[in-house]
Amino acid sequence: MATFTKIAAVSLSSSAASMSFSSIPQTYTDLVIKWTGRLAAGGAVENCHLTFNGNTSSYSSRDVGYVGPDYGVRSLTNQGGTNDVFAGYVPTSGHTASVFGSTDIYIPNYTSANYKSLIVDTISTPNSAAILDFGLLMSVGLWSNTSAITSITISSETGYSLAAYSTATLYGIKNS
Amino acid sequence: MAAGTTYEPIATNTLSSATASVTFSSIPSTYTDLVLTVAGPSGDTGGYAIRLNGDSGNNYGRIYLYGDGGSALSNVSTSQNSLYHGGDTALKTSIHNLMGYSNTSFYKSMISRTGAATAYGTAAFLGTWRNTAAVTSLEFSNGGSGFSAGCVFSIYGIKAA
């Protein structure tokens, strides 16, 4: 039987502080989040982060990518701190209108009694030579917690609201 | 044309005890692409190799982009004895896309994403197996401390039509 089943989707009709998935069923093996977003305020490109189960501790991450043109190729540890984990780049209201960032997140074994890992691939593309920041990033994250994941919240690292038309879809993959 | 359902689980192996290698054989040729996932529990150490159809000769090439959280680097090699080899240290999470695995008209290529947040870092690999044979078996082998109990290996098939 085919898997990769849509569990839930969020689409903002107006700006909001976050996008969340709650009461995530525990019947799948892995989770996938595909989301696009933009912030309603801010500079050119900002980080977004996520938390599991409302927990704000025990996160870590390492990444590699291109953040241009100011930074070029670089690799960081725990970008954004350890109270949450990196979940994507998004353009802000300071960026060219209608430009949204795209992010793909894979979370294996989300119900297991092991620590939870995630792979994040994200891009926020340039659309104007006047814009200083754009980025392509690959990241791996870890939540050092043995609890099953029952909720996920995505929000801006800097506290800006997510803009209208930001969307996120949660999928479940079952390996048997 | 109505879309059919796809992304079907083919096989999975959740280790009840530590082992140095895991093999999936008799992989059906009825799909277009394969997706392989490996999720190691905390404490699982060591990189691992993927070999196709039991080929351990230097018939693989690879290129990767890697970051350890401080430095970024890239490397290319045309003579390797496996399609992919991760780094080392704990909690390896990996996704591998093997496109056209049953097509006998071209060499096989795999795109991989992997990482361990507490050490090692994250990487993307592109590998090529210089063989046009259809892939019928996959071997994951860890020459270090082996795969820990609790490590999960899964294979999914995607059908283009």
Side-chain angles (χ1 to χ4, degrees), chain A residues 1-6 28-32 58-67 71-80 82 85-86 104-122 136-146 171-176, chain B residues 3-14 31 35-44 64-74 86-87 89-95 111-125 148-159:
Chain A
M1 176 179 292
T3 183
F4 213 109
T5 306
K6 187 181 87 171
Y28 298 96
T29 308
D30 305 331
L31 297 176
V32 171
S58 306
Y59 297 92
S60 54
S61 67
R62 294 183 186 228
D63 60 55
V64 64
Y66 183 86
V67 182
Y71 301 110
V73 176
R74 70 176 187 180
S75 180
L76 296 178
T77 298
N78 296 336
Q79 180 171 189
T82 59
V85 67
F86 179 78
D104 198 282
I105 302 174
Y106 195 95
I107 307 168
N109 295 337
Y110 71 104
T111 67
S112 78
N114 294 311
Y115 291 170
K116 309 303 181 294
S117 61
L118 64 158
I119 290 177
V120 180
D121 294 325
T122 186
L136 181 154
L137 201 74
M138 303 184 299
S139 176
V140 60
L142 179 70
W143 181 42
S144 298
N145 191 303
T146 57
Y171 300 89
I173 296 175
K174 193 175 289 192
N175 67 0
S176 62
Chain B
T5 56
T6 186
Y7 212 104
E8 300 178 3
I10 295 173
T12 190
N13 187 343
T14 301
Y31 299 97
V35 175
L36 325 171
T37 63
V38 180
S42 53
D44 193 23
Y64 64 82
L65 172 65
Y66 161 69
D68 64 2
S71 301
L73 61 92
S74 181
T89 70
L91 195 55
K92 191 161 301 292
T93 298
S94 304
I95 304 169
I111 297 175
S112 302
R113 281 281 284 117
T114 187
T118 54
Y120 174 69
T122 189
F125 286 77
S148 301
C151 195
V152 182
F153 300 80
S154 300
I155 300 178
Y156 303 89
I158 297 177
K159 195 173 288 190

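Excluded from the calculations below are hydrogen atoms, water molecules and symmetry mates; all remaining heavy atoms, backbone and side chain alike, are included.
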Taking every heavy-atom pair that is under 4.5 Å apart, which of B:Gly70, B:Ser154, B:Ala123 has the most such pairs with chain A? B:Gly70

Identify the two heavy atoms, one from B:Ala72 and one from A:Val73, that lie closest to each other, and give their separation to 0.1 Å. CB-CG1, 3.5 Å

Residue B:Tyr7 versus chain A: region with a heavy atom under 4.5 Å: both

Answer whether the closest heavy-atom distance between the side chains of B:Thr12 and B:Phe153 falls below 4.5 Å. no

Check step by step if side chain to side chain contact (heavy atoms under 4.5 Å, CB included) holds for A:Thr146 and A:Tyr115. CA-CA 5 Å; A:Thr146 57; A:Tyr115 291 170; 4.0 Å; yes

Please state whether the side chain, the backbone, both or neither of B:Thr37 comes within less than 4.5 Å of a heavy atom of chain A. side chain

Interface moiety of A:Ser60 toward chain B, non-hydrogen atoms closer than 4.5 Å: both

Under 4.5 Å from any heavy atom of chain B - which part of A:Asn109: side chain

Quick one: what part of B:Ile158 sits under 4.5 Å from any heavy atom of chain A, side chain, backbone, both or neither? neither

Between B:Ser74 and B:Tyr64, is there a donor-acceptor pair closer than 3.5 Å when you use the side chain of the first and the backbone of the second? yes

Residue A:Asn78 versus chain B: region with a heavy atom under 4.5 Å: neither

Specify which of A:Gly65, A:Ser139, A:Ser144, A:Ser176 makes the most heavy-atom pairs with chain B at under 4.5 Å. A:Ser139

Min side-chain heavy-atom separation A:Trp143-A:Leu118 under 4.5 Å: no

Report yes if some heavy atom in the side chain of B:Thr114 is under 4.5 Å from a heavy atom in the side chain of B:Thr93; otherwise report no. no

Kindly indicate whether a cation-pi arrangement holds for B:Lys159 with B:Tyr31, taking the cut-offs as under 6.0 Å to the six-membered ring centre and within 45° of the axis. yes

I'd like to know which of B:Pro9, B:Gly69, B:Gly157 tops the heavy-atom pair count under 4.5 Å against chain A. B:Gly69

